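Keep in mind it's a predicted model, so treat the numbers as computed, not measured. Atoms within a ligand are numbered from 1 in the order they appear, just like the ligands themselves. Side-chain atoms are counted along with the backbone in the values below, which use heavy atoms only and exclude waters and symmetry mates.
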Amino acid sequence: MNKIFKIGFTLIAIISMASCYYDKKDQVYPQVAVASCDTTTVTYAATVAPILTSNCNSCHGTMMAAASGGGIVLDNYTAVKVYVTNGKLYNSMMQNGQASPMPKNMAKVDVCTINKIAVWINRGALNN
Ligand code: HEC
């Protein structure tokens with residue numbers, strides 16, 4: 001499990017570097033994008049929960065899950081932890097073919113956001 005996340009995290013790092021390279025052409029956003037992805041302090045309450053609230057819980061909130069989220073709830077730690085443990089939280093967001101791609105019928109959330117989720121998981125997915 002952890003190995004998968006580490007591989008995923010490495011891929012993100014590589015993708016980030018690759019985008020730096022390509023973005024050199026227009027020289028505007030790349031440094032900002034990389035510098036602003038601060039993963040030093042990533043917690044469930046301050047980082048992960050707000051990400052899920054804004055990108056996922058219109059379907060995966062407790063009240064919506066049955067009708068719109070396939071019964072999957074992502075608005076509390078205990079419920080989220082289930083999808084951390086089975087790998088689907090990360091894989092769905094990565095849209096890597098190992099879980100249904102999320103957010104459903106939408107583009108991937110940005111790399112920095114997924115990066116924060118990956119870091120939180122790699123540090124033990126604590127209820128912090
Ligand atoms: C528009 C509604 C909608 C949004 C927004 C949405 N989901 Fe889903 N999600 C679903 C539905 C419906 C299912 C069940 C059917 C399926 O797997 O496609 C599902 C399934 C899942 C699963 C199980 C996947 C599997 O392979 O078993 C995970 C994990 C998940 N969502 C996570 C997320 C995350 C994380 C986000 C936000 C980044 C998100 N979802 C956003 C509707 C949504």
- ligand 1 contacted by Gln98 (non-hydrogen, < 4.0 Å): no
- Message: Only heavy atoms of Met93, strictly under 4.0 Å: list the atoms of ligand 1 that pass.
- Response: 35 (C), 38 (C)
- Note on the structure: protein heavy-atom neighbour closest to atom 26 (O) of ligand 1 works out as Ser100 N, 2.9 Å
- Note on the structure: re atom 21 (C) of ligand 1, the protein heavy-atom contact at minimum distance is Met102 CE, 3.4 Å
- Query: Under 4.0 Å from any heavy atom of Ala99, which atoms of ligand 1 are there?
  - Reply: 26 (O)
- What are the atoms of ligand 1, with element, lying closer than 4.0 Å to any heavy atom of Leu89? 35 (C)
- Task: Starting from atom 37 (C) of ligand 1, find the nearest protein heavy-atom neighbour and note its residue, name and distance.
- Result: Cys56 SG, 1.8 Å
- Protein contact to atom 42 (C) of ligand 1 [nearest heavy atom, distance to 0.1 Å]: Ser68 O, 3.3 Å
- Does ligand 1 have a heavy atom under 4.0 Å from the side chain of Leu74, from its backbone, from both, or from neither? side chain
- Task: Using distance alone, determine whether Lys104 and ligand 1 share an N or O pair under 3.5 Å.
- Result: yes
- Message: I need the nearest protein heavy-atom contact for atom 28 (C) of ligand 1: residue, atom name and distance, please.
- Response: Ser92 OG, 4.1 Å
- Determine whether the side chains of Asn91 and Asn96 contain a donor N or O and an acceptor N or O closer than 3.5 Å. yes
- Task: Would you indicate whether the side-chain heavy atoms of Val109 and Ile114 approach each other to under 4.5 Å?
- Result: yes
- Message: Under a 3.5 Å distance rule, please check whether Gln95 uses its side chain to pair with a backbone N or O of Met102 as donor and acceptor.
- Response: yes
- Is the CE atom of Met106 crowded by more than 12 outside heavy atoms at less than 6.0 Å? yes
- Query: What protein heavy atom sits nearest atom 2 (C) of ligand 1, and how far away is it?
  - Reply: Cys59 SG, 1.8 Å
- Query: Counting each atom of ligand 1 from 1 as listed, which ones have a heavy atom of Ile72 under 4.0 Å away?
  - Reply: 20 (C), 21 (C), 22 (C), 23 (C)
- Task: Would you please classify the geometry between the Tyr44 ring and the Tyr77 ring as parallel, tilted or perpendicular, with 30° and 60° separating the classes?
- Result: perpendicular
- Item | Heavy-atom closest pair, residues Asn57 and Met64 | O-CE, 3.4 Å
- Message: Side chain, backbone, both or neither: which applies to Pro103 and ligand 1 if a contact is any heavy-atom pair less than 4.0 Å apart?
- Response: both
- Message: Between His60 and Ile72 (side chain of the first, backbone of the second, donor and acceptor by atom type, cut-off under 3.5 Å), is there such a pair?
- Response: yes
- Message: As an exercise, identify every atom of ligand 1 less than 4.0 angstrom from a heavy atom of Gly70.
- Response: 11 (C), 12 (C), 14 (C)
- Note on the structure: The closest protein heavy-atom partner of atom 25 (C) of ligand 1 is Lys88 CD, 3.5 Å
- Query: Looking at side-chain heavy atoms only, is the closest gap between Thr43 and Trp120 below 4.5 Å?
  - Reply: no
- Note on the structure: CG (Leu74) and OG1 (Thr62) are apart, to the nearest 0.5 Å, by 9.5 Å
- Which residue and non-hydrogen atom of the protein lie closest to atom 40 (N) of ligand 1, and at what distance in Å? His60 NE2, 2.8 Å
- Element-labelled atoms of ligand 1 that are located less than 4.0 Å from some non-hydrogen atom of Met106: 5 (C)
- Looking at Ile117, Asn122, Asn115, which hits side-chain contact (heavy atoms from CB on, under 4.5 Å) with Val119? Asn115
- Taking side chain as C-beta onward, heavy atoms only, is Val48 less than 4.5 Å from Ile51? no
